[in-house]
Amino acid sequence: MSESELDETYPGIDRLHYFLAKIGMIAAVVFAVTLFGPQSPVMKFLGLALMLAGVILDVMRLRNIGISQWFAFIRFLPFGNTVLDIGLQCAQPGWAETRRLDRAGKSILIFELLLVALFLFMAFRMRMEVPFWF
């Protein structure tokens with residue numbers, strides 16, 4: 001299937017635009033915290049707006065890879081946001097047809113899993129308290 005056919009069959013945003021939108025959201029939070037402080041009413045409003053924007057981004061990306069938009073609510077489970085973000089950043093448009101990652105998707109997956117492993121290693125190395133909710 002050509003790229004234009006994929007765009008027509010699977011609307012939404014591709015992984016590059018998804019990634020850039022997430023970076024923009026992080027930049028907005030850093031800017032707002034620096035300017036207004038973490039306890040300001042602006043931050044409360046911005047937190048709600050970015051939560052809604054995150055769900056909308058997830059829905060658009062899920063449409064692009066060809067699976068149900070209801071999976072966007074996984075983000076509200078413990079550690080669900082991490083798993084969902086990794087999956088949405090790795091899958092190419094039309095992933096649902098083949099259920100296989102392309103070369104770039106595999107590279108992104110390996111890199112992100114290494115980052116998670118590094119985070120866990122550093123957390124346990126520093127003897128951080130890990131909260132368990134279950």
Original post:
Backbone N or O of G105 within a donor-acceptor pair of the Q89 side chain at under 3.5 Å?
Top reply: no
Check: Going through the checks in order, is the side chain to side chain contact (heavy atoms under 4.5 Å, CB included) test met by L109 and I86?
Finding: CA-CA 7 Å; L109 177 64; I86 289 173; 3.7 Å; yes
message = Keeping S68 on the side-chain end and F71 on the backbone end, is there a donor-acceptor pair under 3.5 Å?
response = no
Rounded to the nearest 0.5 Å, the CE atom of M122 sits from the CE atom of M126 at a distance of 7.0 Å
Requested in this report: Report yes or no: do F119 and L84 belong to one cluster of Ile/Leu/Val/Met/Phe/Trp/Tyr joined by side chain heavy-atom distances under 4.5 Å?
Outcome: yes
Less than 4.0 Å between a side-chain N and a carboxylate O, is that true for D102 and R15? yes
- request: Report whether F19 and V55 are members of the same hydrophobic cluster (ILVMFWY, side-chain heavy atoms less than 4.5 Å apart, transitive linking).
  value: no
Shortest non-hydrogen pair, L46 vs A28, comes out as CD2-O, 3.9 Å
*asked:* Do I108 and L62 sit in one hydrophobic cluster, given that two such residues count as connected whenever their side-chain heavy atoms are within less than 4.5 Å of each other, even indirectly?
replied: no
- Item | CA sep, side-chain torsions, deciding dist, call: Y18, D85, side chain to side chain donor-acceptor pair (under 3.5 Å) | CA-CA 10 Å; Y18 179 77; D85 278 346; 2.6 Å; yes
Under 4.5 Å between side-chain heavy atoms, counting indirect links through other Ile/Leu/Val/Met/Phe/Trp/Tyr residues: same cluster for V29 and L20 or not? no
inquiry  = For the backbone of G12 and the side chain of R63, can you confirm whether one donor and one acceptor N or O come within less than 3.5 Å of each other?
reply    = no
Q. Is any side-chain heavy atom of L57 less than 4.5 Å from a side-chain heavy atom of M25?
A. yes
In this structure, CD1 of I56 is separated from CD1 of I13 (nearest 0.5 Å) by 11.0 Å
Side chains of V42 and L35 in contact at under 4.5 Å (non-hydrogen atoms)
no
To the nearest 0.5 Å, atom CD of Q92 lies from atom CZ of R103 at 14.0 Å
Closest non-hydrogen atoms of V59 and A72, given as atom of the first, atom of the second and distance, are CG2-CB, 3.8 Å
Value for SG (C90) from CG (L113), rounded to nearest 0.5 Å, stands at 7.5 Å
Item to complete: Kindly indicate whether the side chain of L118, heavy atoms from C-beta on, has any atom under 4.5 Å from the side chain of L114.
Response: no
Nearest heavy-atom contact between I67 and A96 is CG2-CB, 4.1 Å
Output for pair (L88 CG, D58 CG), nearest 0.5 Å, gives 5.5 Å
Self-check item: Residue pair F76 / M51, side-chain heavy-atom distance below 4.5 Å
Solution: yes
Distance col, row F121:CZ vs F124:CZ, nearest 0.5 angstrom, shows 11.5 Å
### Beyond-backbone contact of Y10 with I65, side-chain heavy atoms, under 4.5 angstrom
no
